[in-house]
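Below: the structure, in structure tokens.
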Amino acid sequence: MFDLHPKEDRKELFGRGKEIDYAISQLLSKNWLTIGGQREIGKTSLMKVIINEMKKNYGFKGIYVNLRGVRNLSSLLKVILSEINNSKPSFKVAVKLNFIIGSAGIELKRGAKVVNSLIELFNSIEEDAVIGLDEIQEVSQASRQFLEVLGNVFASNPKIRFIFSGSYIGVIRALSNPSSSSPLHGRPPVLLNLRPFDEETSRDFLRRGMEELNISFDKEDEVVKKLDGVVGWLTLFGNFYAVRKMSFETSMSSTIEEGKKIMIDEFKHFLEGKSNKQLYTTIMSVLKVVNTWKDIKRGVEIKLGNVDDKELSLALESLLNNNFIEKRKEGVYEIVDPILREIDYDKL
């Protein structure tokens, strides 16, 4: 349970049995699925387990595709082709126009158009298949074209089921609640939003993991109080304490420090291409001590000077859409991830 790699087998995935069963029932009903939730909450593990359950128990072909760093449809096509060519058991795909079957599998013809090729590839899959696209927010820059591809495939090939996953609420919303102008209007994927474990489930997770390694442990409450129910941080602590045999204090401090590295990387990735980076870092810094819109604005202006109301609201909305903060009620915002609250944003 304290293995840091994403889980791939149902027996390894703690506390998500209902979610697995619900997801499978929806996929078997030919619905597509979107897995949402904050970072380190277990979206990747859930996706991988669902794909493997569909392959093992229902005869589906399946691939998992990590879209980290994939910013356009051309890169998306390449990575999907690679996964299909390397899949075991192999996909039965009847491509004709934009591809050739070579010694390395399916290859794109020179000069083939990306959108048409994606549509042909997906529509040429002849067996029941599930395709998991993780970190779907990475292709947000090409979201309209991608939605057009998906709309075509949904209407043309009922044998394919997609699972989408990501931390960016904006893309998740576009998939799960498409507007009347969206190619997916009237055919939205089912939304499965993962939440942190409650206190009892978090304690049980720690107990089970310690028992698995024959470790005596009685400080579950202290760990849960510090790390909340974020399974990624609980797993990281368990790995430091029970697998690497660190002391309790060192395990906790190491979890926080390693977690901060992960989340700082995520936050810097989010800031890429933004012209007003300092506004975002200042908002996160201010949110550690206040949470109402009025107090946030006051705190930001103490550090940066006058800030336009619309610019502040748009920045808060962007942080909200990327799951760095949550909106508790109108005008009240909060950093919910315990590791995000530990970061010194003034130094970023």
Side-chain angles (χ1 to χ4, degrees), residues 3-13 20 23-24 27-28 32-35 42-139 142 145-146 149-150 152-154 156-166 171 175 189:
D3 185 347
L4 299 181
H5 296 90
K7 307 300 188 285
E8 299 192 5
D9 190 283
R10 182 175 186 139
K11 294 181 292 185
E12 301 172 340
L13 188 61
I20 295 170
I24 289 173
L27 293 169
L28 291 176
W32 293 359
L33 182 72
T34 299
I35 304 172
K43 299 186 297 296
T44 297
S45 290
L46 181 62
M47 176 182 281
K48 287 190 168 188
V49 168
I50 292 167
I51 292 171
N52 286 332
E53 286 286 295
M54 296 294 288
K55 291 167 66 176
K56 181 171 64 175
N57 296 327
Y58 300 95
F60 276 61
K61 302 296 171 61
I63 55 171
Y64 164 84
V65 184
N66 188 336
L67 299 181
R68 183 75 174 191
V70 175
R71 300 300 181 88
N72 54 58
L73 295 188
S74 178
S75 298
L76 175 67
L77 176 58
K78 288 178 182 177
V79 71
I80 289 175
L81 267 180
S82 176
E83 293 296 336
I84 287 178
N85 285 332
N86 292 323
S87 65
K88 299 266 190 291
S90 60
F91 277 59
K92 186 176 181 181
V93 180
V95 289
K96 297 177 181 178
L97 298 177
N98 296 291
F99 303 90
I100 57 174
I101 305 296
S103 58
I106 306 169
E107 298 176 17
L108 188 66
K109 288 182 180 178
R110 186 182 298 275
K113 293 183 177 180
V114 173
V115 171
N116 292 342
S117 300
L118 275 168
I119 290 172
E120 181 189 353
L121 179 64
F122 291 141
N123 285 339
S124 296
I125 294 175
E126 298 184 322
E127 302 166 286
D128 284 327
V130 56
I131 297 176
L133 300 179
D134 202 0
E135 303 287 358
I136 191 68
Q137 70 273 1
E138 296 289 288
V139 294
Q145 283 184 305
F146 187 45
V149 170
L150 295 176
N152 185 297
V153 175
F154 190 96
S156 304
N157 190 357
K159 290 188 175 297
I160 282 193
R161 278 76 152 177
F162 279 100
I163 307 175
F164 309 101
S165 180
V171 173
L175 288 168

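Note: hydrogens, waters and symmetry copies are ignored here, and every other heavy atom, side chains too, is used. Heads up: numbering here begins at 1 and tracks the sequence.
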Give the table of side-chain donor-acceptor pairs shorter than 3.5 Å for residues 73-81, with sequence neighbours excluded, one pair per line with atom names and distance.
| residue | atom | partner | partner atom | Å |
| --- | --- | --- | --- | --- |
| Ser75 | OG | Asn72 | OD1 | 3.1 |

Exercise for review: Mind checking side chain to side chain contact (heavy atoms under 4.5 Å, CB included) for Lys113 and listing every partner two or more places apart, or none if nothing turns up?
Suggested key: Asn116

Study note, to complete from the structure: Those residues at least two apart in sequence (or on a different chain) that pass side chain to side chain contact (heavy atoms under 4.5 Å, CB included) with Arg110 are none

Check your understanding: Does Asp134 reach the side chain of Val65, with side-chain heavy atoms less than 4.5 Å apart?
Key -> no

Practice item. Using a cut-off of 6.0 Å, state whether more than 12 heavy atoms not belonging to Lys92 lie near its atom NZ. Key: no

Practice item. Measure the spacing between CG of Asn85 and CD1 of Ile63 and express it to the nearest 0.5 Å. Key: 9.5 Å

Point to revise | Contact check, side chains of Leu150 and Val153, non-hydrogen atoms, under 4.5 Å | key: no

Exercise for review: Side-chain contact test, heavy atoms from C-beta onward, threshold under 4.5 Å: evaluate it for Phe146 versus Ile136 and give yes or no.
Suggested key: yes

Review point. Donor-acceptor pair, Lys7 side chain versus Val49 backbone, under 3.5 Å?
Key: no

Exercise for review: Kindly state each residue pair satisfying ring-ring contact (aromatic ring centres under 6.0 Å, His included) with at least one member in residues 42-79, sequence neighbours excluded.
Suggested key: none

Point to revise | Results of side-chain hydrogen bond (donor to acceptor under 3.5 Å, both in side chains) for Glu126 - residues two or more places apart only | key: none

Review point. Which heavy-atom pair separates Arg161 from Lys159 by the least distance, and what is that distance?
Key: NH1-O, 3.2 Å

Exercise for review: Please tell me if the side chains of Leu121 and Leu108 come closer than 4.5 Å, counting only heavy atoms from C-beta onward.
Suggested key: no

Exercise for review: Identify the two heavy atoms, one from Asn66 and one from Arg68, that lie closest to each other, and give their separation to 0.1 Å.
Suggested key: OD1-N, 2.9 Å

Check your understanding: Looking at residues at least two apart in the chain, or sitting in another chain, which of them share a salt bridge (Lys or Arg N to Asp or Glu O under 4.0 Å) with Lys61?
Key -> Glu127

Exercise for review: Any chance you could measure Glu12, atom CD, to His5, atom NE2, to the nearest 0.5 Å?
Suggested key: 11.5 Å

Check your understanding: Considering only heavy atoms from C-beta outward, does the side chain of Leu67 approach that of Phe164 to under 4.5 Å?
Key -> no

Check your understanding: In Å and rounded to the nearest 0.5 Å, what is the CD1 to CD distance from Ile131 to Glu83?
Key -> 10.5 Å

Point to revise | Heavy-atom closest contact (Lys43 atom, Ser165 atom, distance) | key: CB-OG, 3.3 Å

**Study point:** For the student: nearest non-hydrogen atoms of Phe91 and Ala129, plus distance
**Key:** CE2-CB, 3.7 Å

Practice item. Could you list the residues that satisfy side-chain hydrogen bond (donor to acceptor under 3.5 Å, both in side chains) with Glu120, not counting sequence neighbours? Key: Asn98

Practice item. Kindly give the heavy-atom pair with the smallest separation between Pro189 and Leu33, and that separation in Å. Key: CB-N, 3.9 Å

Exercise for review: Would you give the length of the straight line joining atom CG of Leu133 to atom CD1 of Ile35, rounded to the nearest 0.5 angstrom?
Suggested key: 11.0 Å

**Study point:** Nearest-0.5 Å distance, CD of residue Glu53 to CG of residue Leu13
**Key:** 10.0 Å

Check your understanding: Can you tell if the side chain of Asp128 reaches within under 4.5 Å of the side chain of Met54, non-hydrogen atoms only?
Key -> no

Exercise for review: Tell me, with the steps shown, if Ile50 and Val130 meet side-chain contact (heavy atoms from CB on, under 4.5 Å).
Suggested key: CA-CA 9 Å; Ile50 292 167; Val130 56; 5.6 Å; no

Review point. Can you name the residues that form a salt bridge (Lys or Arg N to Asp or Glu O under 4.0 Å) with Glu8, not counting sequence neighbours?
Key: Lys48

Check your understanding: In chain order, what residues pass the side chain to side chain contact (heavy atoms under 4.5 Å, CB included) check against Ile101, with sequence neighbours excluded?
Key -> Val95, Ile106

Review point. Sequence neighbours excluded, which residues qualify as side-chain hydrogen bond (donor to acceptor under 3.5 Å, both in side chains) partners of Asn123?
Key: Asn152

Review point. What pairs meet the ring-ring contact (aromatic ring centres under 6.0 Å, His included) rule with one or both residues in residues 110-132, with sequence neighbours excluded?
Key: Phe122-Phe162

Point to revise | Qualifying residues under side-chain hydrogen bond (donor to acceptor under 3.5 Å, both in side chains), relative to Ser45, sequence neighbours excluded | key: none

